[in-house]
Amino acid sequence: MTSPRARWRAVGRAGGGIRLGEIDAAGRLRDERDARAADLAAEVAADPEARWVWSDTGSWYPQLLAAGVRVARCHDLRLCHAILRSSVLVGDDASTLREATAWDEPPPEPDGRGQALFDLDGSAAGVPHDLREVAAEFARQNAALEGASEPARLRLLLAAESAGALVAAEMHAAGVPWSRGVHDGILTQALGPRPRTGELPARLAALAEEVRAALGDAGASLDSQPRLLRSLHRAGVFVDSTSRWELARHEHPVVAPLLAYKKAMRLLTANGWAWMDEWIPRDRFRPVYVPGGVVTGRWASSGGGALQLPRLLRPAVRADPGWRLVVADVAQLEPRILAAMAGDLALADAARGTDLYAGIVSRGILPTRQDAKMALLGAMYGATTGDSGRLVPVLRRAYPRAMGLVDAAARTGESGGVVRTVLGRSSPRPSEAWRDVQSGASDEGADERTAAAARSFARERGRFTRNFIVQGTAAEWALAWLADVRTRLAALPSATSGSPADGVADRAHLAFFLHDEIIVHTPEEQVDAAVAAVRDAAATAGRLLFGGFPIDFRLDLRVSESADKD
DNA sequence: CGGGGCGGCGCG
DNA sequence: AAAGCGCGCCGCCCCG
């Protein structure tokens, strides 16, 4: 993946301008030179194979992308700092990193105009952008890696994390191709035609009237939970909450229209016409991704709700004319990750070539696919009661290695310890408050309530660390997949016709990523190559994390129909 | 009037 | 009304 001759180059601020130079692992800079903001894109474009060291991808890359310049690889100091400073693989060698607190600043708020850094006077809060500080931090990180117990894993993680940051910026720039027309059609179907601002769509208004009629209360408020609860009680529906789960258990004429109303209202407020106008300019959805935004290493998002697009709206994702979408998601990613991490050959065998849950059923472990799914999710989440919790012991007998791994992670968390993913991302230490509660409960004379609360907090943390190792390693696999897809797509030729794009989107490109799913937008003539890239990258990711362990990562993959016709 | 908590629900 | 992890966002409601 990496050209052996690629050079590390650093870019940062100096004085009132921008300065760049070659950099080595010790943070020594050579061939430094100043660059005006207007020239930076040209400087970067002139060295397409360089590996760029910079403070924060979100502060530098959007402007380059806007100028049509893509970089092959980077080292995002902010993201890498966060990983190294808390990794148990680094240990005490991270002490200097922990002292460099300026690097713990959260990412700057993206302003959406992609001008922030170049116009700054350098006084703004956030991570340091000064080239000297960039070089010093790069040196600290390399020193921490030198002393790490498994540097190769960490290096892989840092590369994947940084590549993810590039992908996030590129996907924001390219956007998800989105048909406002299809979106509007879905809304109209579900809610009625778009009303004037301030008015309720017709179908929603009709549902509200149905609900009020069923309640026998013409003035019932449906949007205030406390008031709705009282109306329901007056009508004889004795629920403790107004959640879908609880309402659905009651036989009453109000239930069906109320559930329909809540569903429709949710669609209107979360992804209705106002959302469409704000987030889908010119038939592109441009969410703001936040790489490393979750402690487990998953991405978060800010604005637009990129990670919660309702499936109902999926048909609005439409390739441009002459282009196609390659949509791929990994079947049962987390259980497969667990099997591989634990070296559990029996679970890996159940996963081979099939739906993993079906594999568990066909081996006679559990009677139905639903049981298998519930049991496995329960094992990874720490369920102890209910259908799920009841089935976990069955898995414990069938797959002692896999279950032993998550059980051990839970015990570590309950006792205040730190767990880590395969590549070395580590869980946060327990908070001061958590430790106080635990030590308070073991003091002499602690009452039973205190002890019970401490046990409850301990188990809560155990469920978190239990899940952390699996969710976090799955996030690493997905990053490796994503990064390799990116590299493979970049090698494809640009579109011969119908290019929609500005910047990097003149050829097959990643358009969307959601934990275990990616969408590639590709010219028709490159569909086969894009599919191969997605498949080959999945195989590569598995080998990168788990070597020769016989686990396969099955993709559910489909290519969109020709988009030019409805 | 803005901020934060809460209930609720969308996603994996 | 969750049981059982991780998120973001909405409207309501209360508080200062």
Side-chain angles (χ1 to χ4, degrees), chain A residues 200 221-230 232 237-250 258-259 261-272 274-275 278-279 287-314 329-335 337-338 373-392 395 406-407 409-410 413 419 421 425 427-428 456 459-475 477-478 512-518 556:
Chain A
L200 221 49
S221 161
L222 309 189
D223 301 320
S224 160
Q225 195 263 9
R227 290 195 240 178
L228 176 58
L229 202 53
R230 284 195 294 275
L232 287 163
V237 184
F238 297 107
V239 284
D240 294 323
S241 79
T242 61
S243 76
R244 193 156 47 89
W245 292 103
E246 195 177 358
L247 286 167
R249 294 175 158 263
H250 286 76
L258 180 53
L259 294 182
Y261 173 85
K262 285 159 75 81
K263 196 180 179 68
M265 184 55 102
R266 162 83 191 188
L267 178 64
L268 176 69
T269 56
N271 299 101
W275 179 86
E278 182 177 357
W279 291 99
V288 176
Y289 300 97
V290 185
V294 181
V295 281
T296 57
R298 276 188 174 182
W299 289 9
S301 70
S302 113
L307 276 45
Q308 24 176 150
L309 283 180
R311 305 205 72 85
L312 183 68
L313 285 181
R314 279 309 195 86
D329 70 275
V330 193
Q332 306 96 35
L333 176 58
E334 291 191 354
I337 291 288
L338 173 57
K373 182 175 179 176
M374 283 292 115
L376 215 27
L377 291 177
M380 293 187 300
Y381 293 164
T384 54
T385 63
D387 288 348
S388 179
R390 200 163 36 74
L391 297 170
V392 172
L395 287 190
V406 283
D407 287 345
V419 296
T421 60
R425 194 187 307 260
S427 67
S456 168
R459 292 210 184 97
E460 190 179 320
R461 186 159 191 279
R463 291 193 299 274
F464 168 65
T465 52
R466 168 190 294 272
N467 186 246
F468 181 96
I469 61 168
V470 180
Q471 185 182 122
T473 303
W477 184 94
F512 191 66
F513 170 58
L514 179 57
H515 309 318
D516 64 356
E517 171 184 7
I518 62 180
D556 287 331

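So you know, we letter chains A, B, ... as the sequences are listed, proteins then strands, and number each from 1.
Rounded to an integer number of Å, the gap from A:D329 CG to B:dG12 C1' is 10 Å. Atom OH in A:Y289 sits roughly 16 Å away from atom P in B:dC11 (whole-Å rounding). The interatomic distance linking A:L333 (CG) with B:dC11 (C1') rounds to 15 Å, in whole Å. Atom CG in A:L228 sits about 11 Å away from atom P in C:dC13, given to the nearest Å. For the pair A:R230 CZ and C:dC12 P, the interatomic distance rounds to 15 Å; values are reported in whole Å. Rounding to whole angstrom units, CG of residue A:L229 and C1' of B:dC6 are separated by 14 Å. Rounded to a whole Å, the CD atom of A:E517 is 7 Å from the P atom of B:dG12. A:L309 places its CG atom 19 Å from the P atom of B:dC9, with the value rounded to the nearest Å.
With P as the reference atom, C:dA1 and B:dG7 are 9 Å apart, rounded to whole Å. For the P atoms, the distance linking C:dG4 with B:dG12 amounts to 22 Å, nearest Å.
Nucleotide C:dG4 has no partner under the Watson-Crick or G-U criteria, as no pair reaches both atom distances under 3.5 Å.
Between the side chain of A:T242 and the backbone N or O of A:L229 there is no donor-acceptor pair closer than 3.5 Å.
For the residue pair A:D240 and A:E246, the shortest heavy atom distance occurs at N-OE2, 2.8 Å. Taking all atoms of both residues into account, the shortest heavy-atom contact from A:H515 to A:L333 is O-CD2, 4.2 Å.
For A:R311, the side-chain atoms get nearest to B:dG12 when compared with the rest of B:dG10, C:dC13, B:dG12. Nearest to the side chain of A:T242, among C:dC13, B:dG8, B:dC9, sits B:dG8.
A:R244 has a side-chain polar atom (N or O) that falls below the 4.0 Å cut-off from OP1 or OP2 of B:dG10. Side-chain nitrogen and oxygen atoms of A:K263 include none within less than 4.0 Å of the OP1 or OP2 phosphate oxygen of B:dC9.
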Checklist outcome for this item: Heavy-atom contacts, protein to nucleotides 2-11 of chain C, under 4.0 Å, summarised as B (base), S (sugar-phosphate only) or - (none) per nt, yield -SBBBSBSSS
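Between A:W275 and A:L268, every side-chain heavy-atom pair lies at or beyond the 4.5 Å cut-off.
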Checklist entry - Do A:D387 and A:R390 pass the side-chain contact (heavy atoms from CB on, under 4.5 Å) test, and can you show the C-alpha distance, the side-chain angles, and the key distance before you say yes or no? => result CA-CA 5 Å; A:D387 288 348; A:R390 200 163 36 74; 3.2 Å; yes
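For A:D556, the CG atom counts as densely surrounded, since its 6.0 Å shell holds more than 12 non-hydrogen atoms of other residues, nucleotides or ligands.
A salt bridge links A:E517 and A:R314; the closest N-O separation between the charged side-chain nitrogens and carboxylate oxygens is under 4.0 Å.
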